[in-house]
Amino acid sequence: MDLNLLKRRGPDEWHIAPRGKMRVPGVIYATEDLIHDMDEKVYEQVTNVATLPGIVQASYAMPDAHWGYGFPIGGVAAFDPDLGGVVSAGGVGFDISCGVRLLRTGLTVEDLQLVKELLAEALFHRIPAGVGSTGKVHLDRYEMQAMLAGGARWAVGKGYGTHEDLEFIEEHGCMDDAKPEHVSDFAKKRQQDEMGTLGSGNHYLEVQQVVRLFDVETASVFGLRAGDVVVSIHCGSRGLGHQIGTEFLKSMVTTAARHHIELPDRELACAPINSEVGQEYLGAMRAAINCALANRQIVTHLVRQVFADIVPQASLSLLYDVSHNTCKVEEHVMDGIPTRLFVHRKGATRAFGPGHPDLPPSLRSVGQPVLIGGTMGTASYVLVGTKESMALAYGSACHGAGRSMSRHQALRQWHGRDVVKELATRGILIRSPSMRGIAEEAPGAYKDVSEVVDAADDASLARKVARLEPLVCVKG
DNA sequence: ATGTAC
């Protein structure tokens, strides 16, 4: 990206002054190097989002931002319904409520020494991964309805995981105001055999070791010590979320003119929050959030079964589950006045600071765990929400490394088999149904996750707590 | 992300 397009406001904060039809400025959080390498499309998309009705404060991009559908991935934007604010399917993303959860295992790296290979095989065989993967959970119409209304709470009721888990999931495991009746029969049909599966793309299940602590005190509250083994699960709402996104995107395109919304880009299709389409989308999207929460809850149950078989002394407890593709109603202080906003986070993690009432009591004093997934060959990070973050981008941070290369480019540059071999020499075991997927997801196709995380930390979006490195990765 | 293009 051309640095001349931006005005530097701080070491990691860049502004785009409103011009043309922009209603608010654009703000990108990144280091100079990250900005330099960032796709020019991010600039274009951040400014496009700034033109949408009812947007408040600014159109934001996180340090991992890259080109997405309409909105950038790594984008955050909030809309005020009382100012004609909109909700946008492309502002949430197709994989609704895609997210990461992190489990402690009570094990150290030494405990896995002899069983790592066995564990990799067992996880690969027990947790379905890949395009169109299906699992052993099959939902009839009644159960589908219950799942879409109940989320992880429904899953726990069915015997997947524990009530204690629910406390450490956003929304306590169940998104209120989900409207399963606004999810099409086709979307439900696509999902009926896909519960408890990872899917494809950047989704994974990873066994990781804690290699470094940056904030020992917070790490201790999170129950993390150097040398600990943890498990990260990254997946979303599978076919159901994608189908909802596709269908509502279409209806938002066709109703835009009726709502007097001018779109600089068809991909920004949106509807007023206070409109029929807007309300139906919100209801369906919340049902998809529940689908993703239930999905990660079932995968967790499967992972626990595998660990119980292979390392019975393990005890898997949930640190936190956080989504990074959502639109949520939140109260934020605008010019000193608490205001109800519809916050879109697309490829951006919620990062609420200490004291936030939505956090579980045991974490409230330190802040929300912010889970940032790397690539299969690089580190992941645990951060914590900051007080400052709430006034920056509504308490949001980056969600991962962010792609720096298209899938197509990556396919030309790498062979999946070579990537797996190279990682094996570094003690990282990769298991995947798709060697093509591995090539597309090669670590080299991503930005440097440490640089991205440092930028988020420097900008006070969130603060670094622990660095994790992969041991075993089941890749979708 | 995705029954990997509409």
Side-chain angles (χ1 to χ4, degrees), chain A residues 45 64-75 88-100 128-135 138-139 183-195 197-205 233-254 266-267 269 281 284-285 287-289 291-293 295-296 299 322-327 344-349 373 375-376 399-403 405-412 416 432-442 445-446 474-476:
Chain A
Q45 294 190 321
D64 55 339
H66 55 108
W67 183 15
Y69 188 93
F71 286 54
I73 294 162
S88 167
V92 170
F94 283 86
D95 189 7
I96 298 167
S97 199
C98 178
V100 180
V131 182
S133 49
T134 54
H138 311 286
L139 303 183
V183 177
S184 71
D185 286 342
F186 186 45
K188 289 170 181 161
K189 185 173 158 52
R190 280 186 69 174
Q191 193 59 31
Q192 61 191 9
D193 302 318
E194 290 194 342
M195 297 307 292
T197 67
L198 286 179
S200 63
N202 64 358
H203 291 168
Y204 59 77
L205 158 62
I233 297 166
H234 179 201
C235 57
S237 54
R238 307 287 287 106
L240 180 125
H242 191 269
Q243 190 59 34
I244 290 171
T246 305
E247 290 170 8
F248 276 94
L249 192 98
K250 263 186 212 156
S251 48
M252 286 176 179
V253 168
T254 54
R266 183 182 179 277
E267 294 184 358
Y281 174 72
M285 182 211 54
I289 290 179
C291 176
L293 298 181
N295 190 30
R296 291 196 284 274
V299 172
V322 61
S323 300
H324 48 233
N325 279 359
T326 57
C327 173
H344 294 62
R345 293 188 183 85
K346 178 186 187 181
T349 301
T375 72
M376 65 190 117
H399 83 307
R403 288 199 82 89
M405 198 183 279
S406 72
R407 292 181 181 280
H408 189 75
Q409 265 178 297
L411 277 177
R412 283 192 309 194
S432 174
S434 164
M435 281 303 131
R436 181 197 163 129
I438 297 288
E440 287 181 348
E441 291 290 319
Y446 279 82
V474 177
K475 191 76 189 156

Q: Determine the interplanar angle of the His324(A) and His234(A) rings, folded into 0 to 90°, and report it as parallel if under 30°, tilted if 30 to 60°, perpendicular if over 60°.
A: perpendicular
Q: Would you indicate, yes or no, if dT2(B) has its OP1 or OP2 atom less than 4.0 angstrom from a side-chain nitrogen or oxygen of Arg238(A)?
A: yes
Q | Gln243(A) CD to dT4(B) C1', straight-line distance once rounded to whole Å | A | 14 Å
Q.
Mind checking if Gly201(A) touches a base, just sugar-phosphate, or nothing, with heavy atoms under 4.0 Å?
A. sugar-phosphate
Q: Pick base, sugar-phosphate or nothing for Glu194(A), based on heavy-atom distances below 4.0 Å to the nucleic acid.
A: sugar-phosphate
Q. Nearest-Å distance, CZ (Arg403(A)) to C1' (dT4(B))?
A. 13 Å
Q: Could you tell me which residues satisfy side-chain contact (heavy atoms from CB on, under 4.5 Å) with Thr254(A), sequence neighbours excluded, listed by chain and number?
A: Ser251(A)
Q) Over how many whole Å does the gap from Ile244(A) atom CD1 to dT2(B) atom P extend? A) 14 Å
**Q.** Between C1' of dA5(B) and CZ of Phe94(A), the distance in whole Å
**A.** 13 Å
Q: Take the protein atom OH of Tyr69(A) and the nucleotide atom C1' of dT4(B), then report the distance between them rounded to whole Å.
A: 15 Å
Q. How would you label the contact of Ser200(A) with the nucleic acid (heavy atoms, under 4.0 Å): base, sugar-phosphate, or nothing?
A. base
Q) When the distance from NZ of Lys475(A) to C1' of dT4(B) is rounded to whole Å, what number comes out? A) 15 Å
Q: Could you state the atom-to-atom distance from CD1 of Ile96(A) to C1' of dT2(B) in whole Å?
A: 12 Å
**Q.** Pair Arg436(A), Ser200(A): side-chain N/O donor-acceptor within cut-off below 3.5 Å
**A.** no
Q | Qualifying residues under salt bridge (charged side-chain N to carboxylate O under 4.0 Å, His left out), relative to Glu267(A), sequence neighbours excluded | A | none
Q: Please work out if Gly241(A) contacts a base, only the sugar-phosphate, or nothing of the nucleic acid, heavy-atom cut-off 4.0 Å.
A: nothing
Q) In whole angstroms, how far is the P atom of dC6(B) from the NZ atom of Lys250(A)? A) 9 Å
